[in-house]
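Here is how names work: the chains are called A, B, and so on, in the same order as the sequence lines, proteins then strands, and each is numbered from 1.
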2 protein chains.
Amino acid sequence: MARKSAEVRREEILAATVEEIEATGLRTLRVADVAERLGLSASLVIYHFATKEALVAAAFDHAGRNDLDHARNLAAGTGSARERLSEVIGWYMPAGSTRSWKIWIDGWSAGLFDEDLKSTFSALDRDWKTILADLIVEGIGSGEVASRGDEAGAQSADGFAEACATRILAYLDGLAVQLLFNSDSVSQEKLRAWVGEFLTSELD
Amino acid sequence: MARKSAEVRREEILAATVEEIEATGLRTLRVADVAERLGLSASLVIYHFATKEALVAAAFDHAGRNDLDHARNLAAGTGSARERLSEVIGWYMPAGSTRSWKIWIDGWSAGLFDEDLKSTFSALDRDWKTILADLIVEGIGSGEVASRGDEAGAQSADGFAEACATRILAYLDGLAVQLLFNSDSVSQEKLRAWVGEFLTSELD
DNA sequence: AATTTAACTGAATCGCCATTCAGTAACGCG
DNA sequence: CGCGTTACTGAATGGCGATTCAGTTAAATT
């Protein structure tokens with residue numbers, strides 16, 4: 001039974017945990033299932049993470065950081081600020097990405113009554129906003145994006161970009177929920193078109 | 001120990017269940033807590049609902065129907081279609097309403113892996129869309145609302161209204177999530193203003 | 001090679017909580 | 001008033017699943 005260093009094993013377990021949550025939900029998550037997914041004993045999972053609660057918290061953080069890293073790569077790529085913005089948003093979008101939406105909805109619900117998880121999600125959300133807002137500011141600088149300076153409470157381009165990022169993420173989150181519960185009324189193409197229109201009305 | 005008819009008691013229990021979910025979340029819901037809230041025995045709750053699962057399903061349906069009834073009243077009120085639309089949306093909005101958002105996020109997460117709950121939520125969502133879409137169609141008829149007929153896949157006013165309702169609800173859902181996790185970046189006034197702008201760009 | 005360290009396991013333990021059950025008493029109805 | 005129905009209870013039961021623990025063995029260290 002090939003032994004691994006704690007660090008490597010922890011990563012494996014976190015990945016397996018995320019997969020398990022993705023597959024069957026937080027509600028029915030058992031540490032024995034996570035272990036079985038890797039052919040390990042449940043005790044080992046607890047050996048590495050002390051409690052199930054800590055495991056779950058670490059797993060969400062892990063998944064969130066991974067997604068953010070990917071997004072940061074896209075944001076640092078070549079192309080105009082507006083193009084990179086579209087790419088990042090395309091990655092966040094609830095369509096055609098490997099980014100899994102189920103776990104986040106599950107996570108939100110757990111975060112409602114768990115302060116630790118809640119702050120994890122707040123932090124992830126802030127990071128997403130920062131990525132978007134930076135690109136928007138860059139776009140304003142290069143003239144690709146028209147800052148609607150008339151907005152109440154947004155004196156600066158930074159303020160506008162931040163608010164704009166918040167609205168975009170909110171819309172994407174909401175569309176994800178629609179997609180999960182009413183895939184009848186929201187096809188992937190419609191979704192893509194709607195997001196495009198929303199971005200136009202926000203940025204152009 | 002004042003007895004009540006099954007119907008009355010069931011209503012009480014459903015209300016208490018909703019309150020309990022609202023207060024501490026689905027994850028930690030115990031039937032004993034619901035019972036205690038009413039000064040009853042846990043057995044009685046099971047007597048009336050057979051299983052905890054059935055209780056939860058009934059409670060979500062109950063809460064959803066209540067909200068919808070209220071919304072239908074607003075939609076049937078006096079005033080222009082556009083005004084009534086605003087009222088209905090104001091009621092759905094995650095700000096200042098008694099409508100509780102926490103339970104819906106909890107519900108979404110449970111619905112992800114429970115087909116019964118999922119269809120309950122789909123049905124509720126469809127009803128909300130119908131209310132909004134009807135008002136939009138009415139508004140188009142009276143000229144208060146400008147139908148963007150250029151939309152792909154929306155040949156008729158009905159198609160436009162339906163899609164429009166979907167987008168509005170998505171945006172509201174997403175803003176609710178933002179409000180719950182980042183109340184720093186989303187005040188109630190901002191939220192109200194943003195929704196107003198969104199409606200303008202969708203309808204005017 | 002011997003010894004220490006650290007990953008790892010299987011078999012208990014242990015608490016929690018939905019559900020069951022056998023019985024009690026309030027209400028309606030003749 | 002008696003009698004059946006039905007709301008209601010408290011004390012078991014039973015299963016599930018996280019966590020513990022005493023030990024086992026693979027790697028690292030010397």
Side-chain angles (χ1 to χ4, degrees), chain A residues 1-62 106-107 109-110 113-114 116-117, chain B residues 1-62 106-107 109-110 113-114 116-117:
Chain A
M1 65 212 68
R3 279 187 184 198
K4 310 212 174 161
S5 75
E7 198 188 0
V8 170
R9 194 57 98 193
R10 282 176 59 97
E11 290 267 320
E12 282 185 1
I13 294 174
L14 288 177
T17 305
V18 171
E19 284 165 24
E20 190 66 24
I21 295 174
E22 173 71 20
T24 61
L26 203 45
R27 143 163 291 97
T28 60
L29 181 72
R30 288 180 295 150
V31 329
D33 291 338
V34 172
E36 193 182 11
R37 208 168 252 270
L38 296 167
L40 302 172
S41 68
S43 341
L44 185 64
V45 175
I46 294 296
Y47 171 75
H48 281 298
F49 291 93
T51 68
K52 176 185 170 181
E53 206 186 339
L55 170 67
V56 168
F60 275 117
D61 191 67
H62 183 255
D106 238 339
S109 122
F113 301 97
D114 177 323
D116 278 347
L117 274 182
Chain B
M1 64 209 70
R3 283 196 179 190
K4 310 215 175 158
S5 74
E7 198 188 0
V8 170
R9 193 57 99 192
R10 282 176 59 98
E11 290 268 321
E12 281 185 1
I13 293 174
L14 288 177
T17 304
V18 171
E19 283 166 24
E20 190 67 24
I21 295 175
E22 173 71 20
T24 63
L26 203 44
R27 150 161 287 101
T28 61
L29 181 73
R30 288 180 294 150
V31 329
D33 291 339
V34 173
E36 194 183 10
R37 210 168 250 269
L38 297 168
L40 302 171
S41 68
S43 341
L44 184 64
V45 174
I46 295 296
Y47 171 74
H48 280 297
F49 290 93
T51 68
K52 176 184 170 180
E53 209 186 338
L55 169 67
V56 168
F60 275 117
D61 190 67
H62 183 254
D106 237 338
S109 122
F113 301 97
D114 177 323
D116 278 348
L117 274 182

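Of the candidates D/dG17, D/dA7, C/dA6, C/dA6 carries the atom nearest the A/Tyr47 side chain, counting heavy atoms from C-beta on. Relative to the side chain of A/Leu40, the nucleotides D/dT9, C/dA6, C/dT9 differ in distance, and C/dT9 lies closest. For A/Ser41, whose side chain is taken as the heavy atoms from C-beta onward, the closest listed nucleotide among C/dG10, D/dC8, D/dT24 is C/dG10. Closest to the side chain of B/Val31, out of D/dA18, C/dA7, C/dA18, is C/dA18. Listed candidates were C/dC21, C/dT19, D/dA7. Nearest to the side chain of B/Arg3 is D/dA7.
To the nearest angstrom, P of D/dT9 lies 10 Å from CG of B/Leu38. Between the CZ atom of A/Phe49 and the P atom of D/dA18 there is a distance of 15 Å, rounded to whole Å. What separates CD of A/Glu36 from P of C/dG10 is a distance of 12 Å, to the nearest Å. Between the CG atom of A/Asp33 and the P atom of D/dC16 there is a distance of 13 Å, given to the nearest Å. Atom CZ of A/Arg9 is separated from atom C1' of D/dA27 by 14 Å (rounded to the nearest Å). Atom NZ in A/Lys4 sits about 14 Å away from atom P in D/dA28, given to the nearest Å. Straight-line distance from the CD atom of B/Glu12 to the C1' atom of D/dC8: 13 Å, rounded to whole Å. Taking atom CD1 of A/Ile46 as the reference point, atom P of D/dC21 lies 13 Å away to the nearest angstrom.
Between B/Arg10 and B/Glu7, no side-chain nitrogen of the basic residue sits less than 4.0 Å from a carboxylate oxygen of the acidic one, so the salt-bridge criterion is not met.
Between the CZ atom of A/Phe49 and the CG atom of A/Leu44 there is a distance of 9.5 Å, given to the nearest 0.5 Å. Here the straight-line distance linking atom NE2 of A/His62 with atom CD of A/Glu11 works out to 4.0 Å at 0.5 Å rounding.
Residue B/His48 has no polar side-chain atom (N or O) positioned under 4.0 Å from OP1 or OP2 of D/dT6.
Contact between A/Ile21 and B/Phe113 at its shortest, heavy atoms only, is O-CZ, 3.7 Å. Closest of all the heavy-atom pairs between A/Thr17 and A/Leu55 is OG1-CD1, 3.4 Å. Taking each heavy atom of A/Arg37 and A/Ala23 in turn, the nearest pair found is NH2-CB, 3.9 Å.
Residues of residues 51-60 of chain A having a heavy atom closer than 4.0 Å to DNA chain D, listed by number: A/Thr51, A/Lys52.
Between B/Gly39 and A/Ala42, the one whose closest nucleotide on DNA chain D sits nearer the 5' end is B/Gly39.
Heavy atoms of A/Leu29 sit under 4.0 angstrom from primed sugar atoms or phosphate atoms, though from no base atom.
Side-chain atoms of B/Lys52 come within 3.5 Å of backbone N or O of B/Leu29 as a donor-acceptor pair.
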